[in-house]
Asks: 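Pasting a structure below so you can have a look.
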Protein chains: 2
Amino acid sequence: MSANSRMTIAAHVLAWMWLNESRGGEVSTSERIADSVNTNPVVIRRLLGDLRRAGIVESRRGAGAGWTLARAPESVTLLDVYEAVTPGPLFAMHRAEPNQRCPVGFGIRPVMQGVYDGVEDALRAELARTTLTGVLRGILAAR
Amino acid sequence: MSANSRMTIAAHVLAWMWLNESRGGEVSTSERIADSVNTNPVVIRRLLGDLRRAGIVESRRGAGAGWTLARAPESVTLLDVYEAVTPGPLFAMHRAEPNQRCPVGFGIRPVMQGVYDGVEDALRAELARTTLTGVLRGILAAR
DNA sequence: CTTGAAGTAACTGTTGTTGTTACATTTATG
DNA sequence: CATAAATGTAACAACAACAGTTACTTCAAG
């Protein structure tokens with residue numbers, strides 16, 4: 001599936017930012033975050049751009065600028081993060097339209113759509129159970 | 001995510017096979033199935049190969065050969081299909097190991113793994129609620 | 001022995017992610 | 001005002017997965 005690490009990186013970035021802010025560290029820049037994630041700062045900026053569009057973080061430009069959390073960390077769930085960084089649906093329908101003269105080809109798509117809607121609802125409900133606070137609590141418990 | 005249509009095609013194929021078998025139609029071949037799905041027979045054979053490895057279908061070779069369901073359709077759930085045709089996990093960890101000297105880089109992975117395990121359990125439970133029988137019932141109700 | 005179908009290798013085109021360089025834009029500060 | 005530091009973004013390459021296709025080998029019924 002070429003599974004996606006964007007969720008993981010986004011959670012890492014947000015947890016890092018919050019820990020940094022709560023400790024009163026220096027401003028959060030893409031370069032400093034990238035050093036913790038071990039990747040390129042542009043990757044971080046692209047991801048933070050998605051999170052900014054979702055209202056989860058804010059950015060300032062210019063010298064001494066950087067990123068800050070836009071919402072209280074206990075109000076940010078992993079569902080918010082998922083919706084911010086995941087583009088499309090989990091499962092796709094046929095690429096080419098199935099044979100409409102076959103009963104299966106004709107009826108399969110609404111049935112599967114209903115199943116997929118239920119699966120995505122379950123996935124969303126599970127992701128909504130964890131907040132950014134919960135993630136950081138788990139991280140700090142590991143020390 | 002470049003979402004995956006393999007689940008959809010697999011459910012289509014199995015529903016088609018069962019309808020065909022229950023109507024006493026000609027043997028199910030990859031060519032006839034591909035005509036309903038509107039794709040290439042090799043795509044169907046590859047997918048059926050995965051389903052055969054999972055014990056959901058059986059194949060016979062040689063002239064007049066083809067594919068048959070190996071289990072009662074009411075005992076086959078979409079979870080069985082998902083496990084047969086989906087290779088990896090839904091979410092991935094970091095590609096490169098995060099900075100172990102940073103508390104976040106050190107602790108993030110087990111935390112996210114726990115979250116992802118819960119999400120996959122929820123997804124599995126939801127998929128397990130629908131059987132092949134249920135899929136075909138929905139399809140035939142659409143007519 | 002012929003025929004029809006599975007099984008599979010190999011290749012192409014498309015798409016998405018990640019990593020990278022480069023550069024324009026913005027803004028605090030000396 | 002000039003400089004420095006950081007965002008914002010475009011462009012590109014490497015890589016992987018999926019879908020589609022051609023072509024071939026293997027198998028077994030008749």
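Residue numbers start from 1 in every chain, and the chains themselves are labelled A, B, ... in the order their sequence lines are given, proteins ahead of strands.
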Asks: Rounded to whole angstrom units, what separation is found between the CZ atom of Arg6(A) and the C1' atom of dG19(C)?
Replies: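 These atoms are roughly 13 Å apart.
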Asks: Looking at Asn4(B), I'd like to know whether one of its side-chain N or O atoms comes within less than 4.0 Å of OP1 or OP2 on dC18(D).
Replies: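 Result: yes.
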Asks: Within the distance-only criterion (no hydrogens, no angle test), does the side chain of Ser75(B) pair as donor or acceptor with the backbone N or O of Ala72(B) below 3.5 angstrom?
Replies: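 The answer is yes, because a donor-acceptor pair under 3.5 Å joins these two groups.
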Asks: How close or far is atom C1' of dT15(C) from atom CZ of Arg95(A), stated in whole angstroms?
Replies: 8 Å
Asks: Between P on dA5(D) and CZ on Arg32(A), what's the gap in Å once rounded to a whole number?
Replies: 15 Å
Asks: Distance check, rounded to the nearest 0.5 Å: Leu123(B) atom CG versus Glu120(A) atom CD?
Replies: 9.0 Å
Asks: Round to a whole Å and report the spacing from CG of Asn40(B) to P of dT12(C).
Replies: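 After rounding, the gap between these two atoms is 17 Å.
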Asks: Tell me the interatomic distance from His94(A), atom NE2, to dG20(D), atom C1', rounded to whole angstroms.
Replies: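 The answer, rounded to whole Å, is 15 Å.
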Asks: Roughly how many Å is it from CD1 in Ile44(B) to C1' in dC18(D), rounded to a whole number?
Replies: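 Rounded to whole Å, this separation is 14 Å.
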Asks: Identify all side-chain donor-acceptor contacts of residues 104-112 of chain B below 3.5 Å with residues at least two apart in sequence or on another chain.
Replies:
none

Asks: A quick test of your reading: do over 12 heavy atoms of other residues, nucleotides or ligands sit less than 6.0 Å from CD of Gln100(A)?
Replies: yes
Asks: For nucleotides 6-11 of chain D, give me every protein contact, N/O to N/O, under 3.5 Å, one pair per line with atom names.
Replies:
residue : atom : partner  : partner atom : Å
dT7(D)  : OP1  : Ser30(A) : N            : 3.0
dT7(D)  : OP1  : Trp67(A) : NE1          : 2.8
dT7(D)  : OP2  : Ser30(A) : OG           : 2.8
dT7(D)  : O2   : Arg61(A) : NH2          : 2.9
dG8(D)  : OP1  : Ser59(A) : OG           : 2.5
dG8(D)  : N7   : Arg45(A) : NE           : 3.0
dG8(D)  : O6   : Arg45(A) : NH2          : 3.1
dT9(D)  : O4   : Arg45(A) : NH2          : 3.4
dA11(D) : N6   : Arg46(A) : NH1          : 3.4

Asks: Salt bridge check: are Asp50(B) and Arg53(B) linked by an N-O gap of less than 4.0 Å?
Replies: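 Counted as a salt bridge, because a side-chain N and a carboxylate O are separated by less than 4.0 Å.
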Asks: Calculate the interatomic distance between Met7(B) atom CE and dC18(D) atom P; express it in whole Å.
Replies: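 Rounded to the whole Å, the gap is 14 Å.
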Asks: Between Phe91(B) and Tyr116(B), how do the two ring planes meet: parallel, tilted or perpendicular, split at 30° and 60°?
Replies: parallel
Asks: Rounded to the nearest Å, what distance is computed from the CG atom of residue Leu47(A) to the P atom of nucleotide dG19(C)?
Replies: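 So the CG-P distance, Leu47(A) to dG19(C), works out to 11 Å.
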